[in-house]
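Here is the structure we will look at.
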Amino acid sequence: MTDDALRPMGRTRLYEQVLERLRAYAAEHRLAAGDRLPAERDLAQRLGVSRASVKQAVVVLEVQGLVETRHGGGTYLLRDTLDHEPVERLVERRRRLPDVLEAREALETKLAELAATRRTETDLTALRAALAHMAGEIASGGHGEEGDRLFHAAVTEAGHSPLLAEFMASLTDQITESRRESLRQPGRPDRSLAQHHAILDAIEAEEAKRAAAAMRRHVRTVAKVRLLEWEPGER
């Protein structure tokens, strides 16, 4: 099989083009989760670009949760494809993510506080069911995204504040993005589940300040994502 995807590139091309070549290479060679990419030095030579350009491309793939680089052990696929989000879209998400996380902290901290004083038995049942769903997803190898969504929706419902719920609904798409970004960080699903349990414990105990503090800690953990550490660089 020929390596057409790794034919030499022109000197003026940047890491966006390297990304596309890596995507094509993975498809041509039918690489799947667990498979290893060629070494950065080898890729740079075969593509005719600097190792810096290859490294930038690999970092973008890491940010998107498509590969992981193991110290001293190479770069491995985490999924069965290197179909990546366009860099322009990634840059835009990076730009707006801090504002979304700031809004989430303000709204959800207050909702958790209200939930601790207003929750009903029906609300508690929904919260427990959401965490059971998330635990099941994680046990099956998933990231727990649906269980996470159900839990935060149940906290919003338990707050019994129609206006705050309306504000949360207006951020649905952005919150979905931040959830996906957070839960694909290594080790994050289990940590988020544990933090959710801490929030639920405080709500069950009707301890408003503890519920608010637990939610604040959780949202600040959500804010710790690789995307915000990434520097897009010049085109």
Side-chain angles (χ1 to χ4, degrees), residues 1-10 13-94 97 133-149 173 176-193 222 224-233:
M1 178 180 293
T2 61
D3 289 347
D4 289 341
L6 300 184
R7 64 188 182 280
M9 294 174 60
R13 296 188 178 184
L14 302 175
Y15 68 90
E16 292 95 333
Q17 286 71 45
V18 177
L19 280 168
E20 183 54 33
R21 292 292 180 83
L22 292 179
R23 184 203 62 76
Y25 175 82
E28 287 178 8
H29 289 260
R30 296 184 174 86
L31 298 186
D35 289 338
R36 182 178 177 178
L37 285 175
E40 288 182 4
R41 179 175 299 178
D42 184 33
L43 288 170
Q45 289 178 338
R46 294 165 74 176
L47 291 168
V49 298
S50 68
R51 287 187 66 179
S53 293
V54 173
K55 188 176 294 292
Q56 283 180 303
V58 170
V59 167
V60 172
L61 294 174
E62 287 181 312
V63 166
Q64 298 190 43
L66 297 173
V67 303
E68 69 172 352
T69 299
R70 302 173 187 170
H71 184 66
T75 302
Y76 293 81
L77 274 70
L78 294 177
R79 302 186 191 178
D80 295 335
T81 177
L82 289 186
D83 289 347
H84 54 83
E85 181 179 10
V87 172
E88 294 81 0
R89 191 181 304 162
L90 194 64
V91 170
E92 175 59 23
R93 275 203 300 116
R94 184 186 184 282
L97 186 57
H133 188 98
M134 187 175 182
E137 287 180 291
I138 295 170
S140 299
H143 291 154
E145 286 187 34
E146 178 60 11
D148 186 284
R149 184 193 69 78
D173 291 343
T176 297
E177 280 186 355
S178 68
R179 172 180 297 116
R180 185 173 299 119
E181 195 71 48
S182 177
L183 288 174
R184 67 187 183 193
Q185 306 301 302
R188 184 62 56 80
D190 285 325
R191 186 175 180 186
S192 286
L193 181 60
V222 171
K224 296 175 182 177
V225 293
R226 184 74 187 276
L227 177 61
L228 294 179
E229 300 172 359
W230 172 61
E231 294 295 337

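All values below were derived from every heavy atom in this structure, side-chain atoms included, with hydrogens, water molecules and symmetry-related copies excluded.
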Leu183 side chain near Met134 side chain, heavy-atom distance below 4.5 Å: yes
Check against salt bridge (charged side-chain N to carboxylate O under 4.0 Å, His left out), Arg89 and Glu92: CA-CA 5 Å; Arg89 191 181 304 162; Glu92 175 59 23; over 6 Å; no
Interatomic spacing from CZ in Arg23 to CG in Leu31 - rounded to 0.5 Å: 12.0 Å
Lys/Arg N to Asp/Glu carboxylate O, Arg149 vs Glu146, below 4.0 Å: yes
Distance, nearest 0.5 Å, that separates CZ of Arg21 from CD of Glu28: 10.0 Å
Atom pair CG/CG of Leu97 and Leu228 - distance to nearest 0.5 Å: 4.5 Å
Nearest-0.5 Å distance that lies between atom CD in Gln64 and atom CD in Glu181: 8.5 Å
Rounded distance (nearest 0.5 Å) linking atom CG of Leu61 with atom CD of Gln56: 12.0 Å
Residues forming a salt bridge (Lys or Arg N to Asp or Glu O under 4.0 Å) with Arg41, sequence neighbours excluded: none
side-chain contact (heavy atoms from CB on, under 4.5 Å) assessment of His84 paired with Leu66: CA-CA 8 Å; His84 54 83; Leu66 297 173; 3.8 Å; yes
Sole residue of Arg184, Arg188, Arg179 in salt bridge (Lys or Arg N to Asp or Glu O under 4.0 Å) with Asp148: Arg179
Minimum-distance pair of heavy atoms, taken over all atoms of Ile138 and Pro189: CD1-O, 3.5 Å
Basic-acidic side-chain contact under 4.0 Å: Arg180, Glu177: no
Check: Arg226 main-chain N/O paired with Gln185 side-chain donor or acceptor under 3.5 Å: yes
Qualifying residue for side chain to side chain contact (heavy atoms under 4.5 Å, CB included) with Tyr15, from Val58, Val87, Leu22: Val87
side-chain hydrogen bond (donor to acceptor under 3.5 Å, both in side chains) partners of Asp190, counting only residues at least two apart: none
Pair Tyr25-Leu43, side-chain contact (heavy atoms from CB on, under 4.5 Å): steps then yes or no: CA-CA 11 Å; Tyr25 175 82; Leu43 288 170; 5.7 Å; no
Atom pair OG/CG of Ser53 and Leu47 - distance to nearest 0.5 Å: 9.5 Å
Pairs where residues 69-81 contributes a residue and the test salt bridge (Lys or Arg N to Asp or Glu O under 4.0 Å) is met, not counting sequence neighbours: Glu68-Arg70
Residue pair Val222 / Ser182: nearest heavy atoms and the distance that separates them: CA-OG, 3.5 Å
